[in-house]
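Each residue takes its place number in the sequence, starting with 1. Start at 1 and go down the list; that is how both ligands and their atoms are numbered.
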Amino acid sequence: MANTNLTVLVTGGTSGIGAALVTMLTDRGCTVLTTSRDPERIPMSERIPGVRYLRLDLADPDSVEALGDEVAEIDVLVNNAGESQSGPFEELPSEALDRLFRTNVLGPVRLSQLALPGMRERRHGRIIMIGSMLASFPLAHRSSYVASKAALCGFATAARQELSPFGVWISVVEPGSIATGIGERRTKYLDAGSDYAEDVATMIEHLDDNERRGISPETVAATVVRAIEAGRPREFYAVGSRSPLPFLLKRVLPRGVMSRIVARQHGLRR
Ligand SMILES: NC(=O)c1ccc[n+]([C@@H]2O[C@H](COP(=O)([O-])OP(=O)(O)OC[C@H]3O[C@@H](n4cnc5c(N)ncnc54)[C@H](OP(=O)(O)O)[C@@H]3O)[C@@H](O)[C@H]2O)c1
């Protein structure tokens, strides 16, 4: 697939991985559309010339449907936008879970469904789901986020087998720790006087430190570009957090041992 003359929609292009990807794709000659919950808020000085900024709140099903006409025309959809959430499993409010799954799973799934008829008709298309390595390596107090990214990966991996005969390829990219400042935007839930408070604080401290020392969003964007431009994109890409080492260890170590390694990397003794 040629990299120029592609029309690409990258959700969540206002910061981090999405912003790096929008810049990279624009530099390669693609027609790029991106989204924000509040595009008016983006100052002209921060907008990339030629890029169209559309309104999208993935947590709002009407907002997703409203992009139907735009999405019908695209060659590539990168489902990048997402919410990072933390909190003990026992204390996660149901409205927070609801919003997270609309944002990280149901919104991206619906957006993909809206893009597919056009892609199938044109016999080419690429959909990239930005997952998280936490889906492969679950971590305490991140259960909702882990589950949302695992769900997205499950949808993508099964749907890939339905769509590849039409020249449409779905891939998952799992980033590890990436220095985007996402920790500052993470939604955090913890009850007052929670018995989990100390454990959560330890985990968050290590998580944020890993992210601060993480790789650049440009490195993830380059992996996404590789997936977009491959003739037959891989089912799965992992980038950051010394990947592929953790995946090699996962193959050889017992499940429980791997889980304890992940916990210890975040300061939790199990
Ligand atoms: N950074 C990491 O270490 C890391 C690791 C693994 C996976 N990831 C995943 O990589 C993706 C990008 O992460 P990032 O670090 O670049 O995050 P980020 O800098 O916080 O960017 C998130 C983007 O998503 C958009 N967004 C947030 N909530 C939204 C909603 N409800 N509807 C529509 N758009 C929404 C934001 O746009 P507006 O605020 O303008 O709406 C923003 O552009 C996410 O899916 C994240 O889960 C990140």
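- Of all protein heavy atoms, the one lying nearest to atom 28 (N) of ligand 1 is Arg37 CZ, 3.2 Å.
- For Glu83, no nitrogen or oxygen atom sits less than 3.5 Å from a nitrogen or oxygen atom of ligand 1, counting backbone and side chain alike.
- Distance from atom 6 (C) of ligand 1 to its nearest protein heavy atom, with residue and atom name: Pro175 O, 3.3 Å.
- Of the polar atoms of Ile178, at least one N or O is found under 3.5 Å from an N or O of ligand 1, judged by distance alone.
- A salt bridge is defined here as a Lys NZ or Arg NE, NH1 or NH2 lying under 4.0 Å from an Asp or Glu carboxylate O, and Arg186 with Glu83 fails to meet this definition.
- Below 3.5 Å of separation, one finds an N or O of Tyr145 facing an N or O of ligand 1.
- The protein non-hydrogen atom at the shortest distance from atom 10 (O) of ligand 1 is Ile130 CG2, 3.4 Å.
- Ion pairing of Arg212 with Asp208 is absent here, as no side-chain N (NZ or NE/NH1/NH2) approaches a carboxylate O to less than 4.0 Å.
- No single ILVMFWY cluster, assembled from side-chain heavy atoms under 4.5 Å apart, contains both Ile228 and Met119.
- When Thr35, Leu21, Asn80 are ranked by how near their heavy atoms come to atom 45 (O) of ligand 1, first place goes to Asn80.
- Looking at atom 33 (C) of ligand 1, its nearest protein heavy atom turns out to be Leu56 O, 3.2 Å.
- Using a 4.0 Å heavy-atom cutoff, Gly240 is absent from the residues neighbouring ligand 1.
- For the pair Lys188 and Gln85, the minimum side-chain heavy-atom distance is 4.5 Å or more.
- Looking only at protein heavy atoms, the nearest one to atom 43 (O) of ligand 1 is Thr14 OG1, 2.7 Å.
- Cation-pi geometry between Arg234 and Phe236 is not satisfied (NZ or CZ under 6.0 Å from the ring centre, within 45° of the ring normal).
- The shell of residues lying under 4.0 angstrom from ligand 1, judged by heavy atoms, excludes Ser63.
- Ligand 1 has Arg185 within reach: a non-hydrogen atom of the residue lies less than 4.0 Å from it.
- If you check each of Gly12, Gly183, Ser132, Gly13 against atom 23 (C) of ligand 1, the one with the closest non-hydrogen atom is Gly12.
- With Thr7 contributing its side chain and Thr31 its backbone, the two residues share no donor-acceptor pair below 3.5 Å.
- Contact between Asp57 and ligand 1 is present, with at least one heavy atom of the residue lying under 4.0 Å from the ligand.
- Nearest residue to atom 21 (O) of ligand 1 from Ala179, Gly16, Ser15 is Ser15 (criterion: closest heavy atom).
- Within the structure, the closest approach of Lys149 to ligand 1 falls below 4.0 Å when heavy atoms are considered.
- Clustering ILVMFWY residues whenever any of their side-chain heavy atoms sit less than 4.5 angstrom apart, transitively, puts Tyr237 in the very cluster that holds Leu25.
- Considering backbone and side-chain atoms alike, Arg41 places an N or O below 3.5 Å from some N or O of ligand 1.
- What sits closest to atom 15 (O) of ligand 1 on the protein, heavy atoms only, is Thr180 OG1, 2.5 Å.
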